[in-house]
There are 2 protein chains.
Amino acid sequence: MTFMTAARTTPADRPAMGLRERKKIKTRQAIRTATYALIEEQGYDATTIEQIADRAEVSPSTVFRYFPTKEDIVITDEWDPVMLAEVRARPEDESWADVLRHVMRTALDLSLAEEPEVTRLRTRLAVEVPAVRARMIESMSATGRLLREALAERSGLDPDSLELRVFAMSVMGGLMEVSHYWAETGHRDDIRELVDRALDVLEKGLPTQKP
Amino acid sequence: MTFMTAARTTPADRPAMGLRERKKIKTRQAIRTATYALIEEQGYDATTIEQIADRAEVSPSTVFRYFPTKEDIVITDEWDPVMLAEVRARPEDESWADVLRHVMRTALDLSLAEEPEVTRLRTRLAVEVPAVRARMIESMSATGRLLREALAERSGLDPDSLELRVFAMSVMGGLMEVSHYWAETGHRDDIRELVDRALDVLEKGLPTQKP
DNA sequence: CCATGAAATGAGAGTAGCTCTCAAAAGGTA
DNA sequence: TACCTTTTGAGAGCTACTCTCATTTCATGG
């Protein structure tokens, strides 16, 4: 779910870490922050890795050591394991749509509470910058694989079957479109509500369809 | 539907064109042919624009004049208008799933008949090369917009509504996964059959789902 | 508290995709 | 043949990204 904000480090693992790891996290965050700021100021394309490195006070080499591509600086997230756990925690007899509804809401609430502007920036960039959108979809299909696993456990179907694969990707495609819609309409709507409506469509098909 | 083979020029418009336009088409085709050949020989990444230009006997500048990116040389297609017309030609009362079934079959038959190897190469590259996959999904969402239009006409729903957008993209996501599945399993299956199964899932949901 | 090893960083060179500009060549027209 | 337009090639330039190697920074055991 790349359009959500990246999770911060939980306070729990702070004391256990040495100086080294703490510095790494700080650097990572510095690069991201610098990138977001520069993009807000000048736009995505006009922002170069060199500028990012300068503002984050690291070398360009270091930027690439932390993020494989420029797009990844923007879209990387660490939510997948969280969401997978969330799925597993839902009751056995709940429908997949309700499971997703619940999981998405939890994730969105967290994300919007932590860094609402970043969440919005991300979705906006996904609409405006093809490369970012591409990378985002890419990571979405990774999430799709996880969703497949989860659905396989619940439905008893083979996770590698065409049916489950198609199903999972169609759900992801639909959810992706929600993020797009949200950004394109200027983030006016409540995205949680949009997600609910999308899941209705995915569950029950188009409304008021001709017989 | 980027995983299908690009349509050749129909014989009809051959005589009407001057030398200039005929040359352009030949150049375009030369670049594509050179690209496919080089990729088969050395792989996608190892193939540079310079090599492509050399083999196609044009300059690198010209390659970029014909195709905006390297990926586009591989995935560009001209099927969308054809498919849209095909959709419009289907009877009013046919379900969207049947419409898609029909249209997809027509397109696939054409594509497989004309250049089966290219069709396979494309789907394989979409699995193996992230950049190609990204570009392919990109063009898929353009097709998604067309599908939306078509579905709007049939259902009477607003083509810009969240519901229709989500629906169209979920269908495209599902169909995309078919292409992936096909390539990942070594093109062993009959893709027309895979498409049918996928549309069943999209229409009726997962089979044998727990109540 | 210091020496030794490991990990992180920076500097710099190199590749390739892609853009832009401008002059030469080829096609169309009268 | 002469003139205009379109297409092409040559080349310079930018930037994302990779790789290598020397230097610095942290961790650790004596």
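So that the names make sense, note that chain A is the first sequence line, chain B the second, and so on, each numbered from 1. These figures come from a predicted structure and were not determined experimentally. Quick note: numbers below take in every heavy atom, side chains included, and nothing from hydrogens, waters or symmetry partners.
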Q) Can you tell me how far C1' of dT24(D) sits from CZ of R65(A), to the nearest Å? A) 12 Å

Q) From the list dA16(D), dG17(C), dG28(C), which nucleotide is the closest neighbour of the side chain of F64(B)? A) dG17(C)

(Q) Rounded to whole Å, please give me the gap between CD in E50(A) and P in dA16(D). (A) 9 Å

Q: Kindly say if Y66(B) contacts the phosphate of dT8(D), meaning a side-chain N or O under 4.0 Å from OP1 or OP2.
A: yes

Q: Verify the distance criterion only: is there a donor paired with an acceptor across the side chains of T69(B) and D72(B) at less than 3.5 Å?
A: yes

Q | Heavy-atom check, side chain of Y44(B) versus side chain of V74(B), under 4.5 Å | A | yes

Q. Where the side chain of S59(B) is concerned, which of dG10(C), dA10(D), dA27(D) is the nearest nucleotide?
A. dA10(D)

Q) According to a strict under-4.0 Å criterion, is K24(B) in side-chain N/O contact with OP1 or OP2 of dT7(D)? A) yes

(Q) Could you tell me how far apart I73(A) (CD1) and dT15(D) (P) are, to the nearest whole angstrom? (A) 15 Å

Q | Contact under 4.0 Å: K70(B) side-chain N or O vs dA16(C) OP1/OP2 | A | no

(Q) Just N and O in the side chain of K23(A): are any of them under 4.0 Å from OP1 or OP2 of dT25(D)? (A) no

Q | Selected nucleotide, minimal atom distance to V58(A) side chain, candidates dG10(C), dG9(D), dT15(D) | A | dG10(C)

**Q.** First encountered from the 5' end of DNA chain C, between S61(B) and E57(A)
**A.** E57(A)

**Q.** Atom pair distance, as rounded to whole Å: CZ in R22(B) and P in dT6(D)
**A.** 19 Å

